[in-house]
Amino acid sequence: MTIEQTLAGKTKEALQTLYGVELDKIAFEKTNPDFEGDFTLVVFPFLKVSKKKPEETATEIGTYLKENTSEIASFNVVKGFLNLVISDSYWLNYFKNINGKSLIDATLPSDAPTVMVEYSSPNTNKPLHLGHVRNNLLGYSVSEILKAAGNNVVKVNLVNDRGIHICKSMLAWQKWGNGETPASSGLKGDHLVGKYYVEFDKHFKQEIESLVNQGKTKEEAEKQASLMLEIQEMLRKWESGDKATRELWEMMNGWVYTGFESTYKMLGVDFDKTYYESNTYLLGKDLIEFGLSKGVFKRRADNSVFIDLTEDGLDEKTLLRGDGTSVYMTQDLGTATKRAEEINFSKLIYTVGNEQDYHFKVLFLILNKLGYEWAKGLYHLSYGMVELPNGKMKSREGTVVDADELMQEMIATAAKTTKELGKAEGLSEDEANQLYANIGLGALKYFMLKVDPKKKMLFNPEESIDFNGNTAPFIQFNYVRIKALLRKAKDGLDNFNDIDVFTHNVNLLKKEKELIIKLYQFNGVLQQAANEYNPALIANYTYELAKEYSQYYHDTPILKESEKDLILFRLHLSKTIGIALKSSMGLLGITMPEKM
RNA sequence: GGUUCCAUAGCUCAGCUGGAUAGAGCAACUGCCUUCUAAGCAGUAGGUCUUUGGUUCGAAUCCAAAUGGGAUCACCA
C-alpha cells in the first residue's frame with residue numbers, strides 16, 4: 001500500500017466519522033514547495049457536506065488524520081488546503097527498503113502480457129534522417145518503458161523494401177551509376193542508394209520540364225515521361241519475378257541493409273523481428289473475401305472492393321483495385337492479421353508519424369468491424385513531425401538532416417567540449433571515444449525524447465544541441481560525481497556497506513527528504529509513462545532528480561561530514577540516486593559514463 | 001471546403017485526470033572554484049497562458065466560437 005492510499009483511506013474514514021458521508025474520490029497531491037508539507041488535500045469539495053468554512057473543515061480533517069495515522073507528523077492549514085507532513089521515520093524506513101536497489105523490477109511475471117511494438121519501418125531507397133531518428137528513439141524507449149512496467153515486449157521492424165520508389169533508385173543506378181558500389185566509392189550503402197534516388201528525381205524533373213515546354217500539361221507530362229514509364233515497367237518486372245530485376249534489387253537493398261545496420265548500432269536500437277514488405281505485400285487478399293462474406297466490404301461494378309465508413313464520419317475506402325491488386329491498406333490489414341496469428345499480443349503499438357492518423361483510424365476501424373477481438377489492442381503511437389526553422393523536412397528538396405551526419409557531429413562536439421574542459425585526461429583512446437559517444441548521443445537522445453511525443457518539435461541545425469541545463473550531459477555529470485564519491489569512499493571507509501547506520505536516528509535535511517520523496521515517485525512516473533507511451537515523463541523526472549541532487553551535492557558535505565553515520569547515510573543516498581539515474585536514463589537508451 | 005491536431009517568457013519546452021503567487025533550460029545581466037568533478041550552484045530581469053464568451057467556490061487546464069498555424073481528405077506508400 002502506498003502512502004497516498006493510506007492517506008486516502010484515512011481521509012475517507014474521517015469524512016465518515018465527522019460528517020457521516022461516504023466519498024470515494026479522494027486524491028492527494030504534492031504540496032506546493034512554498035508551503036510546509038509533503039501531501040496536500042484540497043478540502044473545497046467537502047464544504048458541502050461539512051457545512052463549515054474551509055479553514056475549519058481542513059482543521060477538523062487534519063486533526064482526525066493526525067490522531068489516527070502514525071505516518072503523519074504534523075499538519076497545517078492554509079485557506080482550503082490541508083498540508084500534511086509525513087514523519088522522517090516513515091521516509092527513512094522507505095529509503096532503507098530501496099537502498100542500493102534499482103527502482104525497476106527486471107523480473108517479469110510469468111503471466112506478463114505481450115506487447116508488440118513496431119517502429120523504425122524505413123524505406124530502402126534513402127538513408128535515415130532526423131525524422132527517423134525520432135521514430136527510432138521513441139519506439140525503442142517506449143519498448144524499454146513497457147518492459148520495465150512489466151510487459152513482455154516484442155520489438156518489430158517492417159521494412160518497406162519494394163515499390164515504385166525503390167525502382168527509382170534502381171533505374172537511376174542502372175542508367176547513370178557506371179557500376180558504382182559502396183566499395184568503389186567509399187560511400188555508405190544507404191547513402192549511395194539515396195544518391196541515385198535524388199538523381200532520378202533530378203532527371204525526371206528535367207524531362208517533365210521539357211515536355212511542358214513542348215506544350216503538355218504538367219499532369220500529362222508526369223504520366224507520359226519516359227522515366228515514369230520505365231520505372232512502372234521495372235515494377236511490373238519485379239512483381240513478375242524477373243531475374244535480372246530481382247538481382248539488382250537484392251544487391252542494392254543489400255547495400256542499404258549494411259548501411260542501416262551501422263546506423264541502428266550507433267543509435268543503440270534493435271529489433272526482435274524484422275518483416276519485409278516484399279514478403280507481406282500480397283497479404284490481406286484473403287481478408288477481402290472474408291469481409292465480403294460478412295457483408296462488411298462491398299464490391300463495385302468495376303469489380304473493386306471498398307468499405308463504406310461514412311457512418312463513422314469517414315469516407316469510402318478502397319481495399320482492392322478493379323484489376324484485383326491490393327493497396328497499402330489491404331497490406332496493413334493482412335500484416336496485422338498475420339501478426340495476431342503468430343503472436344498472442346494484448347497490444348500492438350504502431351510507432352508512426354501523425355501524418356498517418358487517418359490511415360490508422362481506418363485500419364483499426366476495419367479490423368474491429370471484421371470482429372477481431374485482438375483489434376481492441378491496436379494503438380497508433382502518433383508522434384509529431386520534426387521541423388526545421390523553415391518548415392518540414394523534404395528529402396527530395398535536400399532539406400533533410402541526415403541521421404549519420406548528425407550523430408557524427410554530436411560526437412565531435414562532445415569530444416571538443418570534453419577536451420576544452422580538460423575532462424579527457426587519463427583516459428585511453430578507446431575510453432575517450434566511448435565517452436564522447438555517450439555524451440554526444442546522450443545529448444541527442446535526451447533532446448528528442450524530452451519533448452512530448454504527440455507534439456511536433458523544432459530542430460535548428462544552426463544551433464548545436466546544448467550540453468548544459470536540462471540535458472543528458474548534466475544528468476550524466478551528476479551521475480559521474482556520485483561515482484567519484486563512491487570510489488573515494490571505498491578508499492577511506494572500510495565498512496561502507498555497514499547498514500547499521502539506519503538503526504541510528506538520522507535527522508533528515510529538507511533536501512534529503514525531498515530526494516527520498518523523489519525516488520518514491522519513480523514508480524508512479526514509470527506507470528504513467530507506460531500508460532501514455534510517453535518517454536518525456538521519464539526524461540523530465542530524471543532531470544528533476546539530477547537537479548535536486550546537484551543542489552544537495554553543492555550544499556551538503558558528504559565525505560567531508562565529520563559524523564560517520566551521516567557520511568554513510570549520505571553515501572547510501574547518493575549511491576541509490578546514482579542507480580536511479582542510470583536505470584532511468586537506460587529507459588531512454590542513454591548510457592552513463594563512469595567518469596567525465 | 002470536410003475531418004483533425006496545435007497555440008504558455010525573446011527562443012526551446014514542462015505544467016499529471018480543474019486547485020495556493022504559472023515553472024525549467026537557453027540567451028542577457030550579477031555573484032561563487034586554495035573546499036567531495038564549476039558540463040555546477042545562487043541571484044536579477046523576462047508572462048493579459050492567442051482572443052472572446054461559458055461551466056465552477058476556483059480555469060493555462062473543461063465546453064463553445066473566433067483568429068493564426070500544421071496534418072490529412074488516392075483504385076500512392
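In what follows, chains are A, B, ... by sequence order, proteins preceding strands, each numbered from 1. As a basis for the values below, the full set of heavy atoms in this structure was taken, side chains included, without hydrogen atoms, waters or symmetry mates.
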- Residues forming a ring-ring contact (aromatic ring centres under 6.0 Å, His included) with A:W249, sequence neighbours excluded: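 Listed in chain order: A:W238.
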- Among all residues two or more places apart in sequence or in another chain, which pass the ring-ring contact (aromatic ring centres under 6.0 Å, His included) test with A:Y350?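 Here the qualifying residues are A:F360, A:F364.
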Considering only side-chain heavy atoms of [X], which listed nucleotide, [options], is closest?
X      : options                : value
A:H165 : B:rC41, B:rA77, B:rG19 : B:rA77
A:E387 : B:rG19, B:rA77, B:rG70 : B:rG70
A:F474 : B:rC41, B:rG70, B:rA20 : B:rC41
A:V480 : B:rU21, B:rU37, B:rA77 : B:rU37
A:F81  : B:rC26, B:rA20, B:rA77 : B:rA20
A:Y543 : B:rG25, B:rU37, B:rC41 : B:rG25
A:K488 : B:rC36, B:rC26, B:rA77 : B:rC36
A:N32  : B:rA39, B:rA20, B:rG19 : B:rA20

Atom [atom1] of [X] with >12 non-hydrogen neighbours under 6.0 angstrom:
X      : atom1 : value
A:E36  : CD    : no
A:K511 : NZ    : yes
A:Q5   : CD    : yes

Taking atom [atom2] of [N] as reference, at what distance in whole Å does atom [atom1] of [X] sit?
X      : N      : atom1 : atom2 : answer
A:L41  : B:rG18 : CG    : C1'   : 15 Å
A:K547 : B:rA39 : NZ    : P     : 16 Å
A:E29  : B:rU61 : CD    : P     : 17 Å

- At under 4.0 Å between heavy atoms, which parts of nucleotides 8-14 of chain B does protein reach? Answer with one letter per nucleotide, 5' to 3': B base, S sugar-phosphate only, - none. ----SSS
Please state the [atom1] separation for the pair [N] and [M] - nearest whole angstrom.
N      : M      : atom1 : result
B:rG69 : B:rU30 : C1'   : 39 Å
B:rU50 : B:rG70 : C1'   : 16 Å
B:rC33 : B:rA42 : C1'   : 14 Å
B:rA9  : B:rU3  : C1'   : 34 Å
B:rA66 : B:rC11 : C1'   : 28 Å
B:rA7  : B:rU51 : P     : 13 Å
B:rC75 : B:rG1  : P     : 23 Å
B:rG19 : B:rU61 : P     : 10 Å

- Task: May I ask you to check whether A:H359 and A:D332 show a side-chain donor-acceptor distance below 3.5 Å?
- Result: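 Per modelled atom types, A:H359 and A:D332 side chains form a pair under 3.5 Å.
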Would you please name every residue forming a side chain to side chain contact (heavy atoms under 4.5 Å, CB included) with [X], sequence neighbours left out?
X      : value
A:R236 : A:Q232, A:E233
A:N160 : A:N123, A:H165, A:E277
A:T417 : A:T413, A:L421, A:F467
A:K547 : A:F474, A:Y543, A:Q551

Tell me whether the OP1 or OP2 atom of [N] has a side-chain N or O from [X] closer than 4.0 Å.
X      : N      : result
A:S550 : B:rG40 : no
A:R481 : B:rA38 : yes
A:Q551 : B:rA42 : yes

Sugar-phosphate, base or nothing in reach of [X], heavy atoms under 4.0 Å:
X      : result
A:F306 : nothing
A:P54  : nothing
A:T325 : nothing
A:K454 : nothing
A:L314 : nothing

- With sequence neighbours excluded, tell me which residues meet side-chain hydrogen bond (donor to acceptor under 3.5 Å, both in side chains) with A:T274.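 Counting only residues at least two positions away or on another chain, A:T274 forms no side-chain hydrogen bond (donor to acceptor under 3.5 Å, both in side chains).
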- Item | Partner residues of A:N135 under the side-chain hydrogen bond (donor to acceptor under 3.5 Å, both in side chains) criterion, sequence neighbours left out |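 Scan of A:N135 (side-chain hydrogen bond (donor to acceptor under 3.5 Å, both in side chains), adjacent residues dropped) gives A:Y383.
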- Stacking check: are the rings of A:F477 and B:rG40 less than 5.5 Å apart at their centres and under 30 degrees in tilt?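 Whether judged by distance or by angle, A:F477 falls short somewhere, so it does not stack on the base of B:rG40.
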Lys/Arg-Asp/Glu bridge criterion (N-O < 4.0 Å) met for [X], [Y]:
X      : Y      : value
A:E594 : A:R481 : no
A:K79  : A:E55  : no
A:K361 : A:D357 : no
A:R300 : A:D302 : no

Under the 3.5 Å rule, do the base of [N] and the side chain of [X] count as making a donor-acceptor pair?
X      : N      : value
A:T471 : B:rA39 : no
A:K423 : B:rU37 : yes
A:N125 : B:rA77 : no

- Task: Can you sort out which residues in residues 520-532 of chain A have a heavy atom within less than 4.0 Å of RNA chain B? Ascending by number, please.
- Result: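 Heavy-atom cutoff 4.0 Å gives A:Q528.
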- Item | Residue mapping more 5' on RNA chain B - nearest nucleotide basis, A:T556 or A:N534 |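 Nearer the 5' end of the strand: A:N534.
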Nucleotide N/O of nucleotides 71-75 of chain B paired with protein N/O under 3.5 Å:
| from | atom 1 | to | atom 2 | distance (Å) |
| --- | --- | --- | --- | --- |
| B:rC73 | O2' | A:D315 | OD2 | 3.0 |
| B:rC75 | OP2 | A:T318 | OG1 | 3.4 |
| B:rC75 | O3' | A:R321 | NE | 3.3 |
| B:rC75 | O2 | A:G322 | N | 3.0 |
| B:rC75 | N3 | A:D302 | OD2 | 3.4 |
| B:rC75 | N4 | A:D302 | OD2 | 2.2 |
| B:rC75 | N4 | A:S304 | OG | 3.3 |

- Note on the structure: Annotated structure of RNA chain B as dot-bracket, pair cut-off 3.5 Å, Watson-Crick or G-U only, | for inter-strand, is (((((((..((((.....[...)))).(((((.......))))).....(((((..]....))))))))))))....
- Task: Please assess A:E431 against A:K595 for the test salt bridge (Lys or Arg N to Asp or Glu O under 4.0 Å), listing each intermediate value before the final yes or no.
- Result: CA-CA 10 Å; A:E431 284 172 334; A:K595 293 178 186 174; over 6 Å; no
- For B:rC33, glycosidic torsion class - syn if within 90° of 0, otherwise anti: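 For B:rC33, whose glycosidic angle is within 90° of 0, the conformation is syn.
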